[in-house]
Amino acid sequence: MFIEERHEKILQMLKDKKRVEVQELSELFEVSEDTIRRDLRIMEQKGKVHRTYGGAILPDKVNSYENFIVRENIQNDVKQSIASLAQSFIQERDTLLLDGSTTVAKIVPLLSGYKNLTVITNSITIAYDILHQCPNINLHIIGGIVRNDIGNSISIESLKDIEKLYVDKVFLSACSISLKGELTTPIIEDAHVKKAMLNAGREVYILADSSKFGQKSLMEFGKIKPEYTIISDSDLPEDINEDLQALISRGLKILTT
């Protein structure tokens, strides 16, 4: 079977099953797992698939985005473990800037024991949870028009407020992280807010589960820098380290749960 034929059959399987596994494809086509991984890598470079740990799925549309309530229940355990690792970097008297991602939101219950934290956020959901779960935290809400489907203020007023900030630590997420280290989101207004957040922190932590890597969404809001820390889960493919090796050699930290 020619490689092009194999790729077409893989695509058809993805359309039918939504996901394929390397071992499954290896047995089906009677080729090595390394050959299948190479196939999937080529197909990903062409934008036909998105590689995952042990297999592949079809890539998302660049502007697809579920609302907060739906996203909150996706990979809940993975997000909890990422948030727990992120919380270990928080110290008393820190000033934190939290974006409105569902992964970052998982940090909030872990902050109840702190006595001298200041938290700034543009998320109505995070602000509400802090108000009810963390009464000792000094809370500041970024103002502006709130986008209902994500519960974040991402208007011009929000952007202007964030551009004036400089905090100890920024915790945010990206909907997609390309193999070139581009941080992207499907919401244009959100991209401007996230870009301002990246510039507002002495330390920047990118929280993203392994499914976010190797993809691109509609709007880039920044590139991974050597001084950032990426926190992901244990399913992060090993070749991500190879793709970002130049940044790792200059100081980038990639931590997994």
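Quick note: residue numbers are just sequence positions, from 1. Small disclaimer: the values here were computed from a predicted structure and weren't measured.
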Report yes if some heavy atom in the side chain of [X] is under 4.5 Å from a heavy atom in the side chain of [Y]; otherwise report no.
X	Y	value
Arg6	Val31	yes
Asp39	Leu25	no
Ile10	Leu40	yes
Leu198	Val170	no
Asp235	Val78	no
Val49	Val20	no

Tell me the closest heavy-atom pair linking [X] and [Y], and the distance in Å.
X	Y	answer
Leu247	Ile224	CD1-O, 3.5 Å
Cys175	Ser217	CB-OG, 3.9 Å
Leu252	Tyr228	CD1-O, 3.3 Å
Leu85	Ser88	O-OG, 2.5 Å
Arg202	Asp168	NH2-OD1, 3.3 Å
Ser232	Ala208	OG-O, 2.7 Å

Sort out for me which residue in Thr185, Leu218, Thr184 forms a side chain to side chain contact (heavy atoms under 4.5 Å, CB included) with Ser176.
-> Thr184
Counting neighbours of [atom1] on [X] that are heavy atoms of other residues, nucleotides or ligands and sit closer than 6.0 Å, is the number greater than 12?
X	atom1	answer
Glu92	CD	yes
Gln23	CD	no
Ile42	CD1	yes
Ile145	CD1	no
Lys195	NZ	no

Distance check, rounded to the nearest 0.5 Å: [X] atom [atom1] versus [Y] atom [atom2]?
X	Y	atom1	atom2	answer
Asp190	Met219	CG	CE	10.5 Å
Ser153	Ile124	OG	CD1	6.0 Å
Met197	Glu163	CE	CD	11.5 Å
Thr256	Ile231	OG1	CD1	10.5 Å
Ile126	Phe171	CD1	CZ	11.5 Å
Leu255	Ile206	CG	CD1	12.5 Å

Can you tell me if [X] uses its side chain to pair, donor with acceptor, with the backbone of [Y] under 3.5 Å?
X	Y	answer
Lys79	Asp209	no
Ser112	Cys134	no
Asp99	Ser101	yes

May I ask you to decide whether Glu33 forms a salt bridge with Arg37, counting only side-chain N to carboxylate O separations under 4.0 Å?
-> yes
Run the salt-bridge test on Lys180 and Glu220 with the 4.0 Å N-O cut-off and return the result as yes or no.
-> no
Are [Y] and [X] connected in a single hydrophobic cluster, I mean Ile/Leu/Val/Met/Phe/Trp/Tyr linked by side-chain heavy atoms less than 4.5 Å apart?
X	Y	value
Leu28	Met43	yes
Ile177	Ile248	yes
Leu110	Leu117	no
Tyr114	Val119	yes
Leu159	Leu98	no

Test side chain to side chain contact (heavy atoms under 4.5 Å, CB included) applied to His140 and Thr118, step by step | CA-CA 8 Å; His140 295 262; Thr118 296; 3.7 Å; yes
Side chain to side chain contact (heavy atoms under 4.5 Å, CB included) assessment of His7 paired with Lys48 | CA-CA 9 Å; His7 289 183; Lys48 294 183 177 181; 5.7 Å; no
Got a sec, which pairs hit ring pair (Phe, Tyr, Trp, His ring centres under 6.0 Å) with one end in residues 80-102, sequence neighbours left out?
-> Phe89-Tyr205
Cut-off 3.5 Å, side chains only: do Asp34 and Ser32 have a donor facing an acceptor?
-> no
Between Ser210 and Asp233, does any side-chain donor sit less than 3.5 Å from a side-chain acceptor?
-> yes
Are Ile142 and Val193 close enough, and set up right, to give a side chain to side chain contact (heavy atoms under 4.5 Å, CB included), and what steps lead you there?
-> CA-CA 11 Å; Ile142 299 295; Val193 168; over 6 Å; no
Decide yes or no on side chain to side chain contact (heavy atoms under 4.5 Å, CB included) for Thr121 and Val104, but give the supporting numbers first.
-> CA-CA 11 Å; Thr121 185; Val104 172; over 6 Å; no
